[in-house]
**Student:** 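Pasting in a structure now, in structure tokens, and then I'll have a few things to ask.
Only a predicted model underlies this, so the values are computations on that prediction, with no experimental measurement involved. Side chains included, hydrogens not; waters and symmetry mates left out as well; all remaining heavy atoms used. Throughout, protein chains are lettered first and strands after them, A, B, ... in sequence-line order, and every chain is numbered starting at 1.
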Protein chains: 2
Amino acid sequence: MADTSPRVHASRAPTLNDVAQLAGVSMATASKAVNGRAEVAEKTRRRVLAAASEIGFTPNGLAQSLVTGRTKTVGLLTSDLEGRFVLPILMGAEDAFGSGEISVLLCDARGDRIRENYHLKALLNRRVDGIIVVGRSTDPRNSLGQQLPVPVVYAYAPSDDPRDQSLAPDNRAGGRLAVEHLISVGRRRIVHITGDPGYAAAQDRAEGFHEGMAAAGLTPVDEVMFGSWTEGWGRDATAVLLQRHPDIDGFVCGSDQIARGALETLRDFGRSVPEDVAVIGYDNWEVLATNSRPELTSIDCTLQGLGRQAAKRIFEALDGAPVSGGTELFQPKLVIRGSTIASR
Amino acid sequence: MADTSPRVHASRAPTLNDVAQLAGVSMATASKAVNGRAEVAEKTRRRVLAAASEIGFTPNGLAQSLVTGRTKTVGLLTSDLEGRFVLPILMGAEDAFGSGEISVLLCDARGDRIRENYHLKALLNRRVDGIIVVGRSTDPRNSLGQQLPVPVVYAYAPSDDPRDQSLAPDNRAGGRLAVEHLISVGRRRIVHITGDPGYAAAQDRAEGFHEGMAAAGLTPVDEVMFGSWTEGWGRDATAVLLQRHPDIDGFVCGSDQIARGALETLRDFGRSVPEDVAVIGYDNWEVLATNSRPELTSIDCTLQGLGRQAAKRIFEALDGAPVSGGTELFQPKLVIRGSTIASR
DNA sequence: TAGCTGTCCGAAAGGCGTTTCGAAAGTTTT
DNA sequence: AAAACTTTCGAAACGCCTTTCGGACAGCTA
């Protein structure tokens, strides 16, 4: 009597053995045929492949990994709740070796050390080929230690242990890039509003800002305004600065959120952007940058490239490349929109 | 001569066999001891556990999965580039069975059918226990088909095939919840601005809006304004409405972005929020909702619960629970902030 | 002491592929 | 037709763990 029960998931997934039987060859031959190895006659190969596709054979990656020692999977350990940093990095890692080649296990520790440990164990238990640790700021974070059985790369937030491999955005270069752009569009009376002074990102970007100003022979109109990474701070700081120096013509902001706040206050003050004042943000967070009026020029940290590089590093280490610790800096790039140059 | 070479990753990870040898028992006993099974004397168990921790044994999940048929891993297939929807869902899925119990492979298809297929193959190859498909809007998306060897659950965007299991936010309820809240804070002259009329989310929320109004015996001040899901549209539509009906006292917006735009235009028109006009958004996207002036009351889709439920569904199906197709709707909740009620 | 019950442990069979190495078959050379 | 290669295939070991099932031994009863 035919089985008429509704869909049941996979009585059993077809195995290589099934394929071999159907094709009338041994498992060894079937394996070679499926994997495109040379020592199998073309005719046999076709027979095997036909059998494989007939029963819908998919090799069992678990068994493959068990024997090859590679899972082609990396773990991404993060505390970036927003996903602002981690998603571009994930996409980069996925792409590092072509589409679908490597997969990523994403674990969100939510800033909790204990949960991070659970996730770490789960990743090792699943035998990931390596781990990318993504911090939520560019401040160094504590190392996972040197004892892990797989390569670890720290991305965005470098590790505090110089023996580890870290990849981080070059915030100094970004700050400089931002101010150079404002100067290149004719601004001279420039200020810098940024976030929490306890963040390395704030300090580094400010440093780059000063460098760029000095290189052009300019002096900032006022001290750097440190505060928080919020629109509210952007609004308040902008108001203060405009009152003190009504002739400011350029704002370098430490984040897109701060820049959004600046734009709002400039509106309130009746300044038009970019004609009277140019504003540049940082992070190139699309949803913020492209929804403002005018759209926001910003510095992009090229996180996708950073993710790609992180994945490459892991597999290099696995292939025996010498591991040199330290932090590699990634160059940011400028994304120009309407807040610094009037659209045609 | 001792090997003094620098850290090399895992000469070889210790296996259960190593543990057994060290403890002087068989692999079978070692396995039972490690897994806390009963048929092993307490003394022996302690000896085995000591050996295990001495050499830092971690069971090889690949081998475990090979034999148990469960990987305790689910695939999350998405095209949500922002991560706005997928990350809460991921966190929910991770948590469904306690921390670190199940892991999630996140694949971003970037809206590309071919890439989606690659990822799908990769997931099946890794023998995930199930797949959660996350769309980027609440419109039905095409089914992955009925032929997959693992349970599939569609989240956020339901499948267009009623045989599939889908979980989606109840947008009608959300629209109604929003308008009921405005009414409860004394608003009567209410309008609705929302996004692209081609989106089911826009239509459903608008329907809920009308329901809520009718239930209170009110009539909307104007037609529903359909447009796009952007701040720009929020600004423009608000301006139009205010010109037509200067006495509007409540805006129900179809997204937080639209609401942000509305707030901005209300400022331009000199209206104060929430005193003169109350504004409510949708999605409860923190970065937008908590950075506006005033902060934005919004409707939260409780996506984390949706993710948790999706994971539960997968393992239920795996355990043989009958799979009933169709879409289960998730109730949204109201998050009150300053744009509808003056903070104390 | 013989017989019985219960506790604890281990041999071995899976689970699914990959790889090595030797054997068989086919082809070419003298 | 015999010898010397090539080419093609398969048996078996291996990777690491779980689970079943039978055996050994201790302790108990009659």
**Student:** In a check of side chain to side chain contact (heavy atoms under 4.5 Å, CB included) between A/L120 and each of A/I131, A/V133, A/V152, which one passes?
**Tutor:**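 So the option named by the test is A/I131.
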**Student:** Measuring from atom CG of A/L105 to atom CG of B/L76, what distance do you get when rounded to the nearest 0.5 angstrom?
**Tutor:**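 Reported to 0.5 Å precision, the distance equals 11.5 Å.
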**Student:** On DNA chain C, does the nearest nucleotide to B/A63 precede the nearest nucleotide to B/K32 from the 5' side, or the other way round? Give the residue.
**Tutor:**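 The answer here is B/K32.
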**Student:** Can you find a side chain N or O atom of B/S26 that sits less than 4.0 Å from OP1 or OP2 on C/dG10?
**Tutor:**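 So the side-chain polar atoms of B/S26 do come within 4.0 Å of the phosphate oxygens OP1 or OP2 of C/dG10, strictly under.
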**Student:** Could you check whether B/R110 pairs with B/D112 (Lys NZ or Arg NE/NH1/NH2 to Asp/Glu carboxylate O, under 4.0 Å)?
**Tutor:**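 Salt bridge between B/R110 and B/D112, a charged N being under 4.0 Å from a carboxylate O: no.
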**Student:** Roughly, in whole Å, what's the span from CZ in B/R126 to P in C/dC16?
**Tutor:**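 The answer, rounded to whole Å, is 19 Å.
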**Student:** Students often get this wrong, so: under 4.0 angstrom with heavy atoms, is B/V67 touching a base, only sugar-phosphate, or nothing?
**Tutor:**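 Here B/V67 touches the bases of the nucleic acid.
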**Student:** Heavy atoms from C-beta onward define the side chain here; which of C/dC16, C/dG10, D/dG10 lies closest to that of B/L66?
**Tutor:**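 Nucleotide nearest to B/L66's side chain: C/dC16.
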**Student:** When the distance from NZ of A/K43 to C1' of C/dG26 is rounded to whole Å, what number comes out?
**Tutor:**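 Answer to the nearest Å: 13 Å.
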**Student:** Using the salt bridge (Lys or Arg N to Asp or Glu O under 4.0 Å) rule, take B/R115 and A/E94 through it: C-alpha gap first, then chi angles, then the decisive distance, then the call.
**Tutor:** CA-CA 11 Å; B/R115 208 189 301 255; A/E94 268 186 343; over 6 Å; no
**Student:** Start at the 5' end of DNA chain C and walk down; is the nucleotide closest to B/A28 or to B/R127 reached first?
**Tutor:**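 Nearer the 5' end of the strand: B/A28.
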**Student:** Are OP1 or OP2 of D/dT18 and a side-chain N or O of B/N35 less than 4.0 angstrom apart?
**Tutor:**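 Answer is yes, contact under 4.0 Å.
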**Student:** So does B/Q64 get a side-chain nitrogen or oxygen closer than 4.0 Å to the phosphate oxygens (OP1/OP2) of D/dC16?
**Tutor:**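 No.
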**Student:** To the nearest angstrom, how far is B/M27 atom CE from D/dT20 atom C1'?
**Tutor:**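 These atoms are roughly 15 Å apart.
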**Student:** Which nucleotide sits closest to the side chain of B/V40: C/dC16, D/dT18, C/dC9?
**Tutor:**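 The nucleotide sitting nearest to the side chain is C/dC9.
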**Student:** Rounded to whole Å, how long is the line connecting atom CD of B/E42 with atom C1' of C/dC8?
**Tutor:**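 In whole Å, C/dC8 C1' and B/E42 CD are 13 Å from each other.
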**Student:** Taking CZ from A/R70 and P from C/dT18, how many angstroms apart are they, rounded to a whole number?
**Tutor:**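 In whole Å, C/dT18 P and A/R70 CZ are 16 Å from each other.
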**Student:** Find the distance B/R47:CZ to C/dC8:C1' and express it as a whole number of Å.
**Tutor:**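 For the pair B/R47 CZ and C/dC8 C1', the rounded distance is 12 Å.
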**Student:** Atom CG of A/L124 to atom P of D/dC16: distance rounded to whole Å?
**Tutor:**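 Rounded to whole Å, this separation is 16 Å.
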**Student:** Contact class for A/A41 (heavy atom, under 4.0 Å): base, sugar-phosphate, or nothing?
**Tutor:**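 Touches sugar-phosphate only.
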**Student:** Decide yes or no on salt bridge (Lys or Arg N to Asp or Glu O under 4.0 Å) for A/R70 and A/D319, but give the supporting numbers first.
**Tutor:** CA-CA 11 Å; A/R70 292 281 176 95; A/D319 291 337; 2.8 Å; yes
**Student:** When the distance from CZ of A/R45 to C1' of D/dT7 is rounded to whole Å, what number comes out?
**Tutor:**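 These atoms are roughly 13 Å apart.
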**Student:** Ignoring backbone atoms, test whether A/S31 places a side-chain nitrogen or oxygen under 4.0 Å from the OP1 or OP2 oxygen of C/dT18.
**Tutor:**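 Checking C/dT18 against A/S31, a side-chain N or O does come within under 4.0 Å of OP1 or OP2.
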**Student:** Given C/dT19, is OP1 or OP2 found less than 4.0 Å from the side-chain N or O atoms of A/R37?
**Tutor:**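 True: A/R37 side-chain N/O within range (under 4.0 Å) of C/dT19 OP1/OP2.
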**Student:** Measure from the side-chain heavy atoms of A/L16 and tell me the nearest of D/dT8, C/dC8, C/dG17.
**Tutor:**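 The answer is C/dG17.
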